[in-house]
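Below is one structure, written out as structure tokens; the observations come after it.
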Amino acid sequence: MLYRRAAIMVLLCAIHWIAQAESGSEGWLRYSRITNPGAIRQYQSLPHRIVQTGTSAMAQSASTELARGLYSMLGEDIQQAPSLSGDHGLSGADAFVLGTNDELHHLLPRWTPQPLKAEGFSVSRFKDGGNNYWIIAGGSPRGELYGVFHLLEQVAEEHALAPDTESPSSPIRWVDQWDNFDGSIERGYAGRSIFFDGGHVRSDLSRVSEYARLLASIGINGCDVNNVNSDLRTLQPDMLRELARIADAMRPWGVRLALSVDLSSPQIVGHLPTFAPLDPTVIDWWQQKTDEIYSLIPDLAGYVVKADSEGRLGPSKYGRNPAQAANALAHALQSHHGLVLYRGFVYNQHLDWRDPKADRARAGYDNFHSLDGTFAPNVVIQVKHGPIDFQVREPVSPLFTALQHTSQAVELQVSQQYTGQQRHMVFLVPMLKAALDTDLRAQNRTTPVKEIVEGKSFHQPLGGFVGVANVGLDANWLHHPMAMANLYGFGKLAWNPDLTTDQIIDSWTRLTFGNNPRVVSTIDDLQRNSWHAYEQYTGPLGVGTLTDIIGIHYGPGIESAERNGWGQWIRAAHRGIGMDRTIATGTGYIGQYPPELAKVYESLATCPDELLLFMHHVPYAYVLHSGKTVIQHVYDSHYAGAATAATYASRWQRLHGLIDEERYQQTLALFQYQAGHAIVWRDAVSEWFLRMSGIPDAAGRVGHFPDRIEAESMQSDGYTPVDVTPWETASGGKAVVCNRISACTLAQVFNKPAGAYTIAVQYFDLRIGAAQFELLLNGKPIAHWTADDTLPPAVVDRRIDGHTSTRFTLPGVKLAPGDTLTLRGIPDGGEPAPVDYIEITK
Ligand code: GCV
């Protein structure tokens, strides 16, 4: 009876999954039915019974997940049995047997366990008394859960099941969410928070449980749910009780809650006259507050601290240093086995841009290196992988080698803050791997970042990986169907940073879109090169993402980097460009690296091209190792990157019918958008460099657009020209807007030879309204669309600029000389149907 109930429940769940099919909500845990006969055959002998030896919530999750996955993929009734004994009317007593090593050894004394680390697992086969067992053993229930996900992944990828033993690279494998209590997410691009709304924890936390399940499946064991720019209500008693519900929702999946705390809390929440870290009343306050938290959340993973950074208060107010602040918290957490992840992202955003020696990149090292060895054992310094801030290309932070007696975790970004905000496909794993594999050559030996944070290089007990994920309420978590590869890849690298890019993308694609070879090779190829292409059209040679750095970090905004205190300067002048960070003549930043690596970066002869402008200021005519000048490289790479982005949609279209329509159409629309926005980027950066350097493009492309008709030069009825800021984000620096309530029109007589043409309309799509556009040929409508995309993705922005510029493309239009093309724009909700230009190409 018990078994039947379990089977029925699995069935009901399965029906529910089918009904929800392919919104992307299942991520890589789709468990779609295996139809390949060869694969079905190899799984035929698998047991139909699961025996669970443990009773914890995690153990229950493990067996339920195994039943769910196997039922869904193989269509077999999987029954969950309480013990090995008794035939219960079943055909044979073969079973999957799940438990920790100790539990299993008790049940099967003749089975020899593999020694396992706490979060490790082993999958093995064992024959006993004529019965065949697949044993999934964990060093703990969490390890057991990881073993189940591992086995299910093998089946989903149609691999032969084989014995295996694995354990994670390091103890800290966390994600950070930058969610605010009002439900917004800082640098989140996929809808509102799954955790919070209206100042409270959501009443329905079902998405939180689903998220924890996804995280567990890739080995993530901690989640800091509230923004590092922490709300001062976080530590108030009412809020803590609410936050405890999130911990409860994640606990069955082995994901522990962590909290971002603000160091001024003793003063603001505790009403003390001070928050000075060494003040005894403050130390006492943290202890009591921490005890209170653990009474509500006994397995809290710890605190995450952003202090003395971007306006957050910190120990500097009292002349104290980060170690003194971190240790005060560490002391309070010690008896609860909690950790402090103190962020190395401490810098002054009011730098003097006129000072040639000022350099934000130096800040991490300068603020922390002298503190090495003074942190309490349960403090971990969380270091962004680059010294600036998640740019499309950065060297790795020299802080990693400055801390040799301190545990460290690397902070990586899954949320594509500076890399297309989940409107552009940018598969970040190659970038993450480039950072993790960088050998810093500390002590003149091999010390790659991954081994430093694993604690291997300098023999540290703690360490690991933190990914800023920022999933949201969008059904598919991250908005772009391709973006989930970044979350999956982050988790896989945190588990095993030696995995290759190809291994990761291949598994993700199979799990997410199925095993059809054409689907797999097409998606793998699209993803594999996408970071390189994005770098090509947004910021090559290590110059940084040339975006609006004091705004939303999305579209082009080149000069926003210059002449302000934020220190993301590119130091562009009429003769040359780049930050001189050399020891000899620059800011001295390069001297923060161990000598072997510093030597490579210091010399122009050995500095890699891709980091040239991060390390050196050079003339535009400087010749790269590739043989090209810097300026020609900028032009060529922008054209090459945009050309690659233009191929995505047509390559994707070859998959029509091979994957579900919903995700197919959603991805296609995003690829079409990306092609247009890559042109916005290409033109903005190239034109800006042309104006700055005065050196023309040897290939004659930049500044010459023979197929383009500027909107402001078309015959207008109602449209008026406006200047666009920054100028480089609109063709010719101008657009037109319709300030009427009714429609405005632009018209142009076609005067090229007859033929089939592609018509592209470059316009601006603001969030405030949904303007309508209609294209007419000789008065007859040939296309109609609505400007209702959510661009720029994160915020409501009224500006006509490189964030909102987008493109509508109509291929195959037959045109003859004398034809009249008319574009009609109908404003809506304050959106004045803005247009930049029309381009008519063969
Ligand atoms: C959460 C960057 C982002 C900020 C972010 C900060 C950080 O500067 O633009 O939004 O704040 O990094 O990592 O603390």
Side-chain angles (χ1 to χ4, degrees), residues 174-190 193 195-196 223-232 234 258-264 303-314 322 325 340-351 360-361 363-364 367-368 380-392 394 397 399 408-422 428 435 465-472 490 539 544-555 557 560-561 564-569 792-795 797 803:
W174 293 10
V175 290
D176 280 4
Q177 288 278 145
W178 289 350
D179 295 37
N180 300 313
F181 293 164
D182 66 3
S184 62
I185 307 177
E186 184 158 349
R187 315 298 178 190
Y189 310 109
S193 171
F195 300 100
F196 307 110
C223 179
D224 174 27
V225 294
N226 60 323
N227 192 349
V228 288
N229 292 323
S230 170
D231 193 306
L232 282 156
T234 304
L259 290 177
S260 299
V261 298
D262 187 286
L263 287 185
S264 69
Y303 296 146
V304 179
V305 181
K306 173 175 178 179
D308 287 322
S309 172
E310 301 186 334
R312 309 303 298 184
L313 292 172
V340 179
L341 267 65
Y342 199 101
R343 297 177 85 225
F345 189 63
V346 173
Y347 76 101
N348 167 16
Q349 83 269 24
H350 301 293
L351 289 175
R360 170 170 163 185
N367 284 310
F368 283 86
V380 178
I381 306 302
Q382 180 171 320
V383 183
K384 286 193 187 192
H385 81 266
I388 300 283
D389 191 9
F390 302 131
Q391 300 299 290
V392 68
E394 287 186 54
S397 171
L399 182 54
Q408 297 184 68
V410 60
E411 182 177 309
L412 302 165
Q413 208 171 38
V414 170
S415 190
Q416 296 170 230
Q417 180 184 178
Y418 282 95
T419 48
Q421 303 190 355
Q422 289 122 250
L428 294 171
F465 300 77
V466 178
V468 179
N470 293 353
V471 302
F490 164 74
T545 312
L546 292 169
T547 187
D548 163 24
I549 69 107
I550 44 178
I552 62 169
H553 305 175
Y554 180 59
S560 68
N564 59 52
W566 290 90
Q568 289 186 227
W569 311 311
V795 292
D797 187 343
H803 307 305

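In listed order, ligands and their atoms are each counted from 1.
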Note to self: Are any of the N/O atoms on Tyr347, whether in the backbone or the side chain, positioned under 3.5 angstrom from an N/O atom of ligand 1?
What the structure shows: no
Checklist line | Residue pair Tyr554 / Thr547: nearest heavy atoms and the distance that separates them | finding: N-OG1, 3.0 Å
Check: Can you find a side-chain donor-acceptor pair between Tyr189 and Gln417 that sits under 3.5 Å?
Finding: no
Notebook entry, point to check: Looking at Tyr342 and Pro322, what are the two nearest heavy atoms and their distance?
Noted result: CE2-CB, 3.5 Å
Item checked: Phe345: numbered ligand 1 atoms lying under 4.0 Å from its heavy atoms -> 6 (C), 7 (C), 8 (O), 12 (O), 13 (O), 14 (O)
Margin query: For atom 13 (O) of ligand 1, which of the options Arg312, Lys384, Arg187 provides the nearest non-hydrogen atom?
Written below: Lys384
Note to self: Please list, in number order, the atoms of ligand 1 under 4.0 Å from a heavy atom of Asn229.
What the structure shows: 1 (C), 11 (O)
Item checked: Close N or O approach (Tyr418, ligand 1; < 3.5 Å) -> no
Margin query: Please classify the Asp389 to ligand 1 contact at 4.0 Å (heavy-atom distances, strictly less than): side chain, backbone, both or neither.
Written below: side chain
Notebook entry, point to check: For Asn564 and Trp569, which heavy atoms make the closest approach, and how far apart are they?
Noted result: O-NE1, 2.8 Å
Next item on the list: Among Thr234, Val228, Leu232, Asn229, find the residue that satisfies the side chain to side chain contact (heavy atoms under 4.5 Å, CB included) test when tested with Asp262.
Entry: Leu232
Next item on the list: Could you list the atoms of ligand 1 found under 4.0 angstrom from a heavy atom of Lys306?
Entry: 6 (C), 7 (C), 11 (O), 14 (O)
Next item on the list: Answer yes or no: is there a side-chain heavy-atom contact under 4.5 Å between Asp176 and Val304?
Entry: yes
Note to self: Within the 4.0 Å heavy-atom shell around Val228, which atoms of ligand 1 are there?
What the structure shows: 1 (C), 14 (O)
Item checked: Contacting atoms of ligand 1, where contact means under 4.0 angstrom from a heavy atom of Asn227 -> 1 (C)
Checklist line | Protein residue, atom and distance nearest to atom 3 (C) of ligand 1, heavy-atom basis | finding: Gln417 OE1, 3.3 Å
Notebook entry, point to check: Please state which protein non-hydrogen atom is closest to atom 6 (C) of ligand 1 and give its distance, to 0.1 Å?
Noted result: Glu310 OE1, 3.2 Å
Notebook entry, point to check: Considering only the protein, which heavy-atom contact is closest to atom 4 (C) of ligand 1, and what is its distance?
Noted result: Glu186 OE2, 3.4 Å
Notebook entry, point to check: Can you name the nearest heavy-atom pair linking Trp174 to Ala258, along with the distance?
Noted result: CZ3-CB, 3.7 Å
Notebook entry, point to check: Looking only at heavy atoms, which two atoms of Ser260 and Asp224 are closest? And how far apart?
Noted result: OG-OD2, 2.7 Å
